[in-house]
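Contents: one structure, followed by commentary.
Proteins get letters first, then strands, A, B, ... in listed order; numbering begins at 1 in each.
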Protein chains: 2
Amino acid sequence: MLELKNIVKTYVMGHETVRALDGVTVTIKDGEYVAIVGPSGSGKSTLMNMIGCLDVPTSGEYILNGQDVSKLRDDDLATARNKHIGFVFQRFNLLSRITAQRNVELPLRYGGIGGKERAERAKEAMTAVGLGDRLTHKPVEMSGGQQQRVAIARALVNHPTLLLADEPTGALDSKTGAEIMALFKKLREERGITIVIVTHDPGVAAQADRVVRIKDGRVESDTLNSEE
Amino acid sequence: MLELKNIVKTYVMGHETVRALDGVTVTIKDGEYVAIVGPSGSGKSTLMNMIGCLDVPTSGEYILNGQDVSKLRDDDLATARNKHIGFVFQRFNLLSRITAQRNVELPLRYGGIGGKERAERAKEAMTAVGLGDRLTHKPVEMSGGQQQRVAIARALVNHPTLLLADEPTGALDSKTGAEIMALFKKLREERGITIVIVTHDPGVAAQADRVVRIKDGRVESDTLNSEE
Ligand SMILES: Nc1ncnc2c1ncn2[C@@H]1O[C@H](COP(=O)(O)OP(=O)(O)OP(=O)(O)O)[C@@H](O)[C@H]1O
Ligand SMILES: Nc1ncnc2c1ncn2[C@@H]1O[C@H](COP(=O)(O)OP(=O)(O)OP(=O)(O)O)[C@@H](O)[C@H]1O
Ligand SMILES: [Mg+2]
Ligand SMILES: [Mg+2]
């Protein structure tokens, strides 16, 4: 369970201060599927960085699985993040000069998993996203949508309990996008993982249990999707 | 007028050869508004790179404004490209450590435009995309959608006659995306520019005059959008 209480995040640049998050309070239960929507620049990615322990809030409280994240030591935070959280970044953040396979294996290397098992799990994740035949290609040798799917495979390879995906279908055509969404749904049903997804695609948001709308760094609304 | 005749593009990687374009023939008239659609990995960005003279075909013919592009010398090609073509890359290709203003001014620097005029035109382009107050911020200090809009401003700053945009609304929410599409429409009406846009958003494709559908590196269909 995630509990964010009155989270503020400001960025200071010279004389200017940008208040990216202006007091966000939101709770997400285990196994829930939540979509975060909102205008460009409203704070969605910043909120995901907080939830994923990739950045620290300026003020406010974050309780993850009963622990106050601000009290954790750096290496405990890194272990918790690497073990439990899979992150699909909006800008992919792939290493463009190494193969897709080595990109996908990276979380496993940090986790101390051996070479043979790493290779097998990387192949399984790449096949799940429709790129089983591209393991030896580098991101610079792939299309935008293919790179995005490598980023998704990397987020899934460690079998996370919490998947954070920042516009995971942004570079995909509707058919490929639907395949990725079906994969996420399957993971939730089979493994009970918690999914938080940022999207500006109304069709994707409609598949979540809840939609949290962000505007100017605040929660504007938090509504349950009715059963179709 | 652009005329591509039987364009083939292959990428050789070790023992493998990827045939990204497998004989594409398409003609685009001045002032036309054409959308290119198709599955992830089908060859859309590769085709845009050919149209924008950013890469050379493996075989086939490309006639741009009556000139055979393959016969042009490199510096003539660079001048023609910089003077007439504005390009919005799928992966933005911004310089992340310099300000948005300097990013947008870059095409003008290559064109030898003086500092004062550069600054004015950069401000005009950034205001047109809704980021007039972000000139001094660097791409690393901006959201994904804001970075995309900087990339759009940079493509427009040189008042190109041909605008090539590879998924220009991919990182934008529907409202911001609609504002960018309205801006493109206005430029077409006021300046008569030719627009070629890659998109996987059906709403965006519907606004073009024609939709060229690509599949496995070939033109699958080329249809006129009926007047609403
Ligand atoms: N530099 C490269 N080296 C090797 N292969 C490449 C390179 N660039 C693209 N490809 C391959 O060429 C094919 C077409 O890629 P392209 O980027 O044109 O696709 P796309 O239609 O734009 O896809 P997307 O919608 O995912 O952006 C893909 O199979 C891709 O892997
Ligand atoms: N490193 C940074 N330094 C300064 N400002 C930042 C930084 N990162 C984000 N911002 C600012 O914080 C605000 C929120 O950005 P964020 O990336 O969270 O938006 P977003 O909702 O994800 O937008 P998009 O839909 O465009 O991706 C924006 O105004 C942005 O310019
Ligand atoms: Mg974002
Ligand atoms: Mg592409």
Please test Lys138(A) against Met13(B) for side-chain contact (heavy atoms from CB on, under 4.5 Å), starting from the C-alpha separation and ending with a verdict. CA-CA 10 Å; Lys138(A) 302 183 181 97; Met13(B) 294 173 293; over 6 Å; no
Other residues, nucleotides and ligands only: do more than 12 of their heavy atoms fall within 6.0 Å of CZ on Arg210(A)? yes
Below 4.5 Å from any heavy atom of chain A, which atoms of Gln148(B) appear? Answer side chain, backbone, both or neither. neither
Chain A contact via Ser45(B) - which portion, at a heavy-atom distance below 4.5 Å: neither
Hey, is OH on Tyr110(A) packed in by over 12 heavy atoms from elsewhere, all under 6.0 Å? no
Could you check whether any side-chain N or O of His200(B) sits under 3.5 Å from a backbone N or O of Gly177(A), counting only pairs where one atom can act as donor and the other as acceptor? no
Who among Glu16(B), Glu167(B), Gln90(B), Arg91(B) has the most heavy-atom pairs with chain A under 4.5 Å? Arg91(B)
Is Gln146(B) in contact with chain A via its backbone, its side chain, both, or neither, using a 4.5 Å heavy-atom distance? both
Among Ser174(B), Gly14(B), Gly38(B), Pro39(B), which residue forms the greatest number of heavy-atom pairs with chain A at distances under 4.5 Å? Pro39(B)
Measuring heavy-atom distances to chain A, does Ser143(B) have an atom under 4.5 Å in its side chain, in its backbone, in both, or in neither? side chain
Given a strict heavy-atom distance threshold of 4.5 Å, which part of Val37(B) is in contact with chain A: side chain, backbone, both, or neither? neither
If one checks every heavy atom of Thr46(B) against chain A at 4.5 Å, the contacting part turns out to be neither
Other residues, nucleotides, ligands: >12 heavy atoms within 6.0 Å of Arg188(A) CZ: yes
Heavy-atom pairs under 4.5 Å with chain A - which of Lys44(B), His137(B), Met142(B) has more of them than the others? His137(B)
Select, from Asp166(B), Thr176(B), Leu172(B), Thr136(B), the one with the greatest count of heavy-atom pairs under 4.5 Å involving chain A. Leu172(B)
Looking at Arg149(A), Lys175(A), Gln147(A), which has the largest count of heavy-atom pairs under 4.5 Å with chain B? Arg149(A)
For Ser40(B), does its backbone N or O pair with a side-chain atom of Asp173(A) as donor and acceptor, under 3.5 Å? yes
